[in-house]
Amino acid sequence: MSNQPVLPPEIARRRTFAIISHPDAGKTTLTEKFLLFGGAIQMAGQVRAKGEARRTRSDFMKMEQDRGISVSASAMSFEFGQYRFNLVDTPGHSDFSEDTYRTLTAVDAAIMVIDGAKGVESQTRKLFEVCRLRDLPILTFCNKMDRESRDTFEIIDEIQENLAIDVAPVSWPIGMGRDFIGAYDLLNDRLEIMDRADRNKVAETVQISGLDDPKLADHVPADLLAKLREELEMARELLPAFDRQSFLEGHMTPIWFGSAINSFGVKELMTGIGEFGPEPQPQHSAEREIGAEEKPVTGFVFKVQANMDPKHRDRVAFVRLASGHFERGMKLLHVRSKKPMAVSNPVLFLAADRELAEEAWAGDIIGIPNHGQLRIGDALTEGETLRFTGIPSFAPELLQTVRAGDPMKAKHLEKALMQFAEEGAAKVFKPMIGSGFIVGVVGALQFEVLASRIEIEYGLPVRFESSQFTSARWVAGPKDDVEKFAQSNKGHMAQDHDGDLVYLTRLQWDIDRVSRDHPELKLTATKEMMV
């Protein structure tokens, strides 16, 4: 890391990160508090609160508000101290993991939120693996310490064993559940005390000089204080001290303990991201590595969200800027179509509100409203033909056929499905034989979301029915062989929305048979979203 060029100050103060967790670990609540402390919202919403307080700002799709889950990854920018934070919130629900995997290609670090009572859960482990593949530095926030939770050492052990990463505590909880009164800040030797009365109030900090300071007794009951001293002595001997270099290389994670709903520990976590988190990192393309300090503007689309504003059928492409200083009105080359594109109304997201972005720098995430020109994986540059790599598209695990309630509306249905396919919300396959479409998704909940969105956004009631096929594989190989194979297996062939050939099958046996009888062909379960 040390041999990296010095970044312009405006870029160096950017911190672009995602929050990953298992559903219900408190990720959306944490996001809300970030926005609260970043001054982006006045009052943090709660996912499970009453009335007006319930309207969380980062979940804007109707279904998200009804169910209290996040299904679309939203991006938010806000200032904190001298830093500019770009936070990408990801869906925690496993049925939306593909959206999350793609989102992780656009950030430089991740915050892993775990529940103090449940520890490391399955979805956290999956997402962590993706971060590991990309060597993303990870900060850990152990949430819900104001409820009954597990022993601190036990939580740390579980992270170390399950995720094979060193854990360095930077704060230590005092008490737990009802007795939870706050935490001891190990980096600055000070006491943080939680205010239970006002949830939006920042914890008060008591400056002390080490664990022997007599002032501690004024704030911490004697039994908890004795336990704290004993635990910290053990922690300092058994656990590694925080080392920023090791963290940036992805071998170590600092852990904070707190309670997001009580605004406790959040500010310390934010300070940690600012001080230790990575600056905008170089991005990889098929041609070369792109450094954030380069003058020409480059960026890539990692997500497309359709109908964010139901009144206008708009689609917003989320673009991560990889280099340069972007200004509104710039003409950029859309590499896939080789056409210039004037970006006249780019937007920055502040929770559910958006405002025009007059300028943006490497590391920022901007939204570009468009009518379908931009797709996931597209590159925008000032003229250089680059192809960004590493944005995955996965074979769906569930396939169903879809029919419009009104047969006359088949054309409308096709349009709606194509839009969702380009957005990356589902895979849409057009079989070579027969009419209708086969829709593939990663998790069953996505069928519900699609049906509800097609109805709300297009006024089209649809029904999903089970399909005879269970899996899909992309077919690659010499052109003549692929065509010959397609002709002789017409009943199994389909095209995806890019026109690429897909082999649909019922059994793993079919896939094995093809690879045995046709060694010249390659069947793959992932496709790089490259242009």
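Atoms considered below: every heavy atom in the structure, side chains included; atoms not considered: hydrogens, waters and symmetry mates.
The heavy-atom pair separating Val335 from Leu386 by the smallest distance is CG1-O, 3.6 Å.
Remark: the Thr253 side chain and the Thr140 side chain contain an N/O donor-acceptor pair separated by less than 3.5 Å. Side-chain contact check for His518 and Asp481: no donor-acceptor pair (N or O, by modelled atom type) lies under 3.5 Å.
Applying the side chain to side chain donor-acceptor pair (under 3.5 Å) test to every pair with at least one member in residues 461-471, sequence neighbours left out, gives these pairs: Arg463-Glu465, Gln468-Arg506.
For Phe34 and Phe80, the distance between ring centers is not under 6.0 angstrom. Taking the six-membered ring wherever Trp is involved, the centroid distance between the rings of His497 and Phe429 does not fall below 6.0 Å.
Taken to the nearest 0.5 Å, the CD atom of Glu293 stands 6.0 Å off from the CG atom of Leu7.
Here Asp496 does not pair with Lys430 in a salt bridge; the nearest charged N to carboxylate O distance is not below 4.0 Å. Arg288 has a carboxylate O that lies under 4.0 Å from a charged side-chain N of Glu294, or vice versa, which qualifies the two as a salt bridge. Between Asp108 and Arg320, at least one side-chain nitrogen of the basic residue sits less than 4.0 Å from a carboxylate oxygen of the acidic one, meeting the salt-bridge criterion. The existence of a salt bridge linking Arg244 and Glu249 is excluded, since no basic side-chain nitrogen approaches an acidic carboxylate oxygen closer than 4.0 Å.
With sequence neighbours left out, Glu358 forms a salt bridge (Lys or Arg N to Asp or Glu O under 4.0 Å) with Arg328.
The aromatic rings of Tyr503 and Phe485 lie tilted to each other, with the angle between the two planes from 30° to 60°.
Under the 3.5 Å distance criterion, the side-chain polar atoms of Arg13 are matched with a main-chain donor or acceptor of Gln82.
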